[in-house]
Structures are given as structure tokens and as C-alpha cells.
Amino acid sequence: MINALRGMKDLTFEESERFVHIVTTAIGIAKKYGYSYIETPILEETKLFRRSVGESSDIVGKEMYQFMDKGDNDVCMRPEGTAGVVRSFVQAKLDRRQNEKFKFYYYGPMFRYERPQKGRLREFHQFGCESFGEGSVYEDFTIIEMIGDIFKALGIGYKLQINSLGCPKCMPPYRENLISFLTECKDELCEDCNRRIDTNPIRVLDCKNEKCQSLLVNSPKLINNLCESCDNDFNKLTTLLQSANIDYEVDTNLVRGLDYYSKTAFEFVSDEIGSQSAIAGGGRYDKLVEFLDGKPTPAVGFALGIERIMELVQMPETSREGYYLGAMDAEAVDSLFPLASKKRATDKVTVEYGAKKLKAHLKGADKVNARYCAVIGEDEFRDGTIWVKDLVEKEEFTIAQSEF
RNA sequence: GUAGGCGUAGUUCAGUUGGUAGAGCACCUGUUUGUGGCACAGGUUGUCGCGGGUUCGAGCCCCGUCGCCUACCCCA
């Protein structure tokens, strides 16, 4: 027997229904916010992710599904969605159309070569949105509000954490500041953090090590060292969230795992799904379009993890629906098909091809959760009629096949 | 990559100090020759993950291996 690869899952029945429910709910809301669908390839040149996601991230450092294809191209299964959308945006020269806004939503599989655990798969699915050309913090607010709408529509509880990562004006001086702080207490920090001081000092902030965290209480906070523009935007964002009654907490240690974020960063978390608690994350990435050879274009985006959300949504109980058609004698089976074709114009129809006893048909109708069980037996076949039973109201009647 | 837990029927699981495997659910049949869900009665289903070792004898003990889960790391 051949099994699915490690960290990859098949979805069927109730699970696949839930998956589709999440995607269609998110699409409906994204459309109301003016987003249109973008489909980009799953396979991209590896350097796209090296340049956008960043060499220092774990995603690029050790989690990429990367290989050489038959044409000797260095390619990679996308580990996240934003890079491909931005690449597409630049390739279509939409960056040249300054003053225009572009809003895209996407969904599909992402791949990261990690150890699977609860809420973490090697192939997983994200729904995401990217908004280009709008530098206003109102757009950051609107995108957070939209995610809130999606979770509300799905009936999911969450906590929202926000932070500002600053911009090229205020981040570098802060970074230097932080490095000197970290260097001073270097000996007491964990091994990983010592490595991070050189590779990505910002990441020390969200180290899970308790001792590190206790030392970091006194570390300089970026939120207190923002430039005027970043500070104004962050304050505006919190004001907007408050007036919209969206609860949030400022998490000064919230650092997104991808290098391209600046200014607003946010994460939606749930405490009901194990240690992989982020159900959505995103932020502003005003410099990424330039990094990928486009004209400077501000942008904000987010992605939500469909499998993680699947753990949280309850589907309404399915009710009986449609028709089950069967015959009790082999020669009557043929006459089911025109009836099925006709009914399918408006209803769900299941046809049983085998001749069976009435009892077996009734059970069959139960099994496919049909509302009506319709059977042609000996009498009905002779008379050109069909027997129909409403399995909910327990009413039954026999009508001409032409009236079915 | 590291650590812990678990692999027995379609499924959820039990299986004593080692004596050639069991239950619920599901499925099939019947009680009812044309009336479902409920009830009752019967019935089918296993390379005990795989390979080796110890033993008269291994689901159980030992070694190895593969897989799954959880956690670290990191992230959606």
C-alpha cells in the first residue's frame, strides 16, 4: 500500500466540506472588500524566495522544497504566498501604474519541509490577500477588520496581537541599539540567541526560552523608538481598532518570521489548537516590490492557515436532501435514468443500479442521507408509476412517472 | 535535527506472570415474500507495522527498522 508522504493529508467527507466552507466564506468577504482572484504558480525560481522571504529566515534556511528541474533550473515549491503574488505584480508591470490600487486574494497549497505536528503540515493551505499601492494606515486597519469579519463569519474566537516593526528610517538605529544591549548580556542568553545576535537580532525578541525572556524585559523596545511617521501610523491604527471595537493587544516581541515586513505586523492567535497557535498573520511590506525589481509600491497583506482554522470551525448538521432512486427488478432499472436526469435539474439525485428489495432501498436512501426514497417495484413498473416516500415526514404516495 | 508517546479487525480500543487474539461501533443476513432509523438474533473481517533474537512456545521480553502523534525549533 502506498501512503501519502509525511506531513501531507487527504481531505474527504466532512473535512473537505469544512475546508471548502472556510475558503468560500473567506472569498465572499474578500470580494466585499474589493479583492479579485489571483492564481500564481506553485513552483517558482528559488531565488524569488531567497530575496523576498530572506536568507536569515528558517523558511529559506532549512524548510524549502527545493530541487533542480530537468532543465537545470533551481526551483522551489512555494513556502508562502506573498512572494509569488509580488513577482506576478511586477512581471505584469502593474508597479508602473502608479496611483492605481490593486487588491488580490489567493488560496492554495504551500510547502515547508518541517517536522509535522499538530497544526503543522508539510503541505498546508493558506488563504491570503495582498493590497498594492495603498500606503495609508487605513488600509492596515481595513485588512485587520476584514480578517475579523472572516473569523466572525466562521464563528471562531481569537486574540489579535499587533506591533510595529518600524521602517528603514527607524529600524536600523534601533537594531544597533538592540545589538549593543544583547551583546552586554550575551553570556546569559541561550545558544540560539547568541547566534541570532549576528544573523537576525530582532528574532531574539520572540525567543521561547524563559531565561532569555526575563532578560529581555529591560531590552529597548522598538515601539518606543519609532520615527514620527511610524509612530503616528501605529497610534492611528490602535485608535481605529478601538473605535471599531476590535480587541487587540500590543505585543512588542511580535516579530514576523519573514524578513520583508515593515511597520504594521499582526497575528491572530487561538489558544485552542495546540502550540502552533497562529491562525492568521500579516502586515505591511512597503519595500518588497522594490526588492523584487519593481517601482516602489506600498503594500499590505495577510495569510490565514486553513488547516489550523479547520480545527476551530463547527459545520452545521447536514439535513436530508434530494432523492434516492431504485428499482426492485432488473428490467425496471433502465427507466430510472430519465427520471434522474429530470430531477437533477433541481435536486441532488442518487441512483442505485442494482435491483433490490424495498427494505434495502430504504436503507440505501438513509445511507446517502436522501430526503425522498423513490422506488419502481413490480406494480409500478407495470403501471408506469413510481412510489415515493418522504423519509422525514414519513408520508408516501404513488404517482405517474411522467409527473415525477 | 532532538526528545517523549504510540503502532492489534473498516474504525475506536482491550489483551493478566509469555500458552497460536477479543469487545463496542460499522458492515452483511434474518425476525418483516414491498416499508428505513430503533430493538432482538446470527454472521464476516486480522501478515498483532516490518525484520531479526530469546524461548518448547512471543501481540506481550530483547535488538533493529519503518510509520504515526506530541513537543522543541520555527511558523499559517
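Just so it is clear: chains get the letters A, B, ... in the order the sequence lines come, proteins before strands, and each one is counted from 1. For the numbers below, each heavy atom of this structure counts, side chains included, while hydrogens, waters and symmetry mates do not.
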Using a cut-off of 4.0 Å on non-hydrogen atoms, how would the nucleic acid contact of [X] be classed: base, sugar-phosphate, or nothing?
X: A:Ile376; value: nothing
X: A:Gly128; value: nothing
X: A:Ile279; value: sugar-phosphate
X: A:Ala278; value: sugar-phosphate

Roughly how many Å is it from [atom1] in [X] to [atom2] in [N], rounded to a whole number?
X: A:Leu121; N: B:rA76; atom1: CG; atom2: C1'; result: 10 Å
X: A:Tyr113; N: B:rG1; atom1: OH; atom2: P; result: 7 Å
X: A:Asp366; N: B:rC28; atom1: CG; atom2: P; result: 12 Å
X: A:Lys367; N: B:rA26; atom1: NZ; atom2: P; result: 11 Å
X: A:Ile147; N: B:rA76; atom1: CD1; atom2: P; result: 12 Å

Check: At their closest point, which heavy atom of A:Val300 faces which heavy atom of A:Ile143, and how far apart are they?
Finding: O-CD1, 3.8 Å
Does any non-hydrogen side-chain atom of [Y] lie less than 4.5 Å from one of [X]?
X: A:Ile273; Y: A:Ile279; result: yes
X: A:Ser36; Y: A:Lys103; result: no
X: A:Tyr260; Y: A:Thr82; result: yes
X: A:Phe302; Y: A:Ile147; result: yes
X: A:Pro172; Y: A:Tyr174; result: no
X: A:Leu43; Y: A:Arg78; result: no
X: A:Met328; Y: A:Leu358; result: yes
X: A:Phe381; Y: A:Glu331; result: yes

Any donor-acceptor N/O pair, [X] side chain to [Y] backbone, under 3.5 Å:
X: A:Asp231; Y: A:Leu226; answer: no
X: A:Arg120; Y: A:Arg115; answer: yes
X: A:Asp69; Y: A:Asp72; answer: yes

Margin query: Please list, in numerical order, the residues of residues 35-45 of chain A that have a heavy atom closer than 4.0 Å to any atom of RNA chain B.
Written below: none
Note to self: Heavy atoms within less than 4.0 Å of RNA chain B: which residues of residues 3-25 of chain A have one? Give them sorted by number.
What the structure shows: A:Arg6, A:Lys9
Write down the distance separating the [atom1] atoms in [N] and [M], rounded off to the nearest Å.
N: B:rC60; M: B:rG49; atom1: P; answer: 8 Å
N: B:rU70; M: B:rU65; atom1: P; answer: 23 Å
N: B:rC72; M: B:rG51; atom1: P; answer: 36 Å
N: B:rU12; M: B:rG64; atom1: C1'; answer: 30 Å
N: B:rG15; M: B:rU29; atom1: C1'; answer: 30 Å
N: B:rU8; M: B:rA21; atom1: C1'; answer: 8 Å
N: B:rG43; M: B:rG59; atom1: P; answer: 26 Å
N: B:rC50; M: B:rA58; atom1: P; answer: 15 Å

Does the ring centre of [Y] sit less than 6.0 Å away from the ring centre of [X]?
X: A:Phe127; Y: A:Tyr106; result: no
X: A:Tyr35; Y: A:Phe104; result: no
X: A:Phe404; Y: A:Tyr323; result: yes

Using a cut-off of under 3.5 Å, enumerate the N/O to N/O pairs linking the protein to nucleotides 48-51 of chain B.
none

Checklist line | A:Tyr113 six-ring centre to A:Arg122 NZ/CZ under 6.0 Å and within 45° of normal | finding: yes
Notebook entry, point to check: Going by modelled atom types, is there a donor-acceptor pair between the base of B:rC73 and the side chain of A:Gln117 at under 3.5 Å?
Noted result: yes
Checklist line | Check: B:rA76 base within 3.5 Å donor-acceptor of A:Arg112 side chain | finding: yes
Checklist line | Sequence neighbours excluded - side chain to side chain donor-acceptor pair (under 3.5 Å) pairs with any residue from residues 356-365 of chain A | finding: A:Tyr324-A:His361
Margin query: For B:rC72 and A:Ser275 - does any side-chain N or O of the residue sit under 4.0 Å from the phosphate oxygens OP1/OP2?
Written below: yes
Margin query: Each nucleotide in nucleotides 30-35 of chain B should get exactly one letter: B, S or -. Can you fill that in based on protein heavy atoms under 4.0 Å?
Written below: SBB-BB
Note to self: Nearest to the side chain of A:Lys62, heavy atoms from C-beta on, is which of B:rC73, B:rG37, B:rA76?
What the structure shows: B:rC73
Notebook entry, point to check: Where the side chain of A:Arg115 is defined as all heavy atoms beyond and including C-beta, which of B:rC28, B:rU2, B:rA76 is the nearest nucleotide?
Noted result: B:rU2
Margin query: Quick check on RNA chain B: between A:Ser277 and A:Asp390, whose nearest nucleotide comes earlier from the 5' end?
Written below: A:Asp390
Note to self: Return whichever of A:Glu307 or A:Lys363 has its heavy-atom-nearest nucleotide of RNA chain B closer to the 5' end.
What the structure shows: A:Lys363
Check: Taking a pair as Watson-Crick (N1 to N3 plus N6-O4 or O6-N4) or G-U wobble (N1-O2 and O6-N3), both under 3.5 Å, which stems of 3 or more consecutive pairs involve RNA chain B?
Finding: B:1-7 with B:66-72, B:10-13 with B:22-25, B:27-31 with B:39-43, B:49-53 with B:61-65
Notebook entry, point to check: Taking it one step at a time, do A:Phe132 and A:Glu130 satisfy side chain to side chain contact (heavy atoms under 4.5 Å, CB included)?
Noted result: CA-CA 6 Å; A:Phe132 295 98; A:Glu130 312 294 349; 3.8 Å; yes
